[in-house]
Amino acid sequence: QVQLVESGGGLVQPGGSLRLSCAASGSIFTIYAMGWYRQAPGKQRELVATITSGGSTSYADSVKGRFTISRDNAKNTVYLEMNSLKPEDTAVYYCNADRIATLLGTQYLEVWGQGTLVTVSS
């Protein structure tokens with residue numbers, strides 16, 4: 001069994017910064033692409049940023065230049081650095097791994113974390 005656990009959410013004022021972390025646990029051999037998604041109240045879940053196992057990144061237009069995704073493969077952890085936060089960034093942020101291979105040879109597809117709430121408000 002593998003698990004993703006997010007942390008780092010909270011309340012921040014407009015213009016402020018937060019850093020989200022997502023740590024994978026279990027008998028992990030390798031994690032392929034990882035990403036951050038978010039879901040605001042009353043809206044559908046949307047893609048925020050992705051990063052491949054080799055470090056290539058992509059971003060939603062709404063966060064380009066403000067958010068940075070990174071990963072530490074040795075720690076099985078992905079990060080989301082969020083700067084210049086706006087009220088419209090308020091949402092539950094979810095971590096995703098598109099595929100996780102374990103030391104036992106098991107492959108887990110589309111693994112999700114439980115989410116962490118980010119609230120941007122004065």
Side-chain angles (χ1 to χ4, degrees):
Q1 189 76 5
V2 296
Q3 191 176 13
L4 298 178
V5 179
E6 300 100 333
S7 61
L11 173 65
V12 63
Q13 292 186 340
S17 299
L18 278 177
R19 188 192 195 206
L20 305 183
S21 300
C22 172
S25 61
S27 299
I28 296 171
F29 174 66
T30 192
I31 305 175
Y32 295 86
M34 301 187 78
W36 287 95
Y37 292 71
R38 66 187 181 187
Q39 187 166 19
K43 295 188 176 181
Q44 290 188 326
R45 190 173 298 189
E46 63 175 359
L47 176 65
V48 175
T50 62
I51 185 167
T52 67
S53 57
S56 296
T57 60
S58 65
Y59 298 90
D61 288 343
S62 59
V63 306
K64 280 182 182 177
R66 300 188 298 123
F67 290 10
T68 302
I69 188 171
S70 61
R71 64 190 289 171
D72 184 334
N73 291 331
K75 295 182 179 180
N76 293 322
T77 300
V78 64
Y79 305 96
L80 186 68
E81 185 75 36
M82 305 185 293
N83 299 312
S84 302
L85 283 161
K86 305 174 181 179
E88 51 263 43
D89 294 318
T90 295
V92 177
Y93 284 71
Y94 296 91
C95 174
N96 169 271
D98 75 338
R99 184 156 58 113
I100 299 177
T102 72
L103 295 171
L104 300 178
T106 306
Q107 303 259 349
Y108 292 86
L109 304 180
E110 292 300 324
V111 182
W112 290 91
Q114 82 289 350
T116 185
L117 177 63
V118 172
T119 303
V120 184
S121 175
S122 55

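Along the sequence shown, residues are numbered consecutively beginning with 1.
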Are the side chains of L103 and I28 in touch, meaning some heavy atoms are under 4.5 Å apart?
-> no
For the residue pair I31 and A24, what are the closest heavy atoms and their distance?
-> CD1-CB, 3.6 Å
Check the pair V63 / R38 against side chain to side chain contact (heavy atoms under 4.5 Å, CB included), numbers first and verdict last.
-> CA-CA 12 Å; V63 306; R38 66 187 181 187; 4.0 Å; yes
Is the shortest distance from a Lys or Arg side-chain nitrogen in K64 or D61 to a carboxylate oxygen in the other one below 4.0 Å?
-> yes
4.5 Å side-chain heavy-atom contact, L85 and L18 = yes
For residues N96 and V111, determine if any side-chain heavy atom of one lies less than 4.5 Å from a side-chain heavy atom of the other.
-> no
Which heavy atom of A40 sits nearest a heavy atom of T90, and at what distance?
-> CB-O, 3.6 Å
T77 side chain vs A23 backbone, donor-acceptor pair below 3.5 Å | no
Rounded to the nearest 0.5 Å, what's the gap from CG on L11 to OG on S121? Could you check?
-> 6.5 Å
Exercise: identify the closest heavy-atom pair between C22 and L4 = SG-CB, 3.9 Å
Is there side-chain contact between T57 and T50, with at least one heavy-atom pair below 4.5 Å?
-> no
Does Y93 reach the main-chain N or O of V48 with its side chain, forming a donor-acceptor pair under 3.5 Å?
-> no
So, the side chain of E6 versus the backbone of C95: is there a donor-acceptor pair under 3.5 Å, distance only?
-> yes
Can you check whether D89 reaches V118 side chain to side chain, under 4.5 Å on heavy atoms?
-> no
Do you know the tightest heavy-atom contact between V92 and G115?
-> CG1-CA, 3.8 Å
Answer yes or no: is there a side-chain heavy-atom contact under 4.5 Å between T102 and F29?
-> no
Beyond-backbone contact of V120 with Q13, side-chain heavy atoms, under 4.5 angstrom | no
Are side-chain heavy atoms of D98 and L109 found at a separation under 4.5 Å?
-> no
Mind checking the CD-OG spacing from Q1 to S25? Nearest 0.5 Å is all I need.
-> 9.0 Å
Under 3.5 Å side-chain donor-acceptor pair for N83 and S17 = yes
So is R45 actually on top of Y94's ring, under 6.0 Å and inside 45° of the axis?
-> yes
Please say whether more than 12 non-hydrogen atoms of neighbouring residues, nucleotides or ligands are located less than 6.0 Å from CD in Q107.
-> yes
Is the NZ or CZ atom of R71 both under 6.0 Å from the centre of the six-membered ring of Y79 and within 45° of that ring's axis?
-> no
How about W36 and F67: are their ring centres within less than 6.0 Å of each other?
-> no
Take atom CD in E88; do more than 12 heavy atoms of anything else shown fall under 6.0 Å from it?
-> yes
Considering non-hydrogen atoms only, spot the tightest contact between Q114 and V5 and give its length.
-> OE1-CA, 3.7 Å
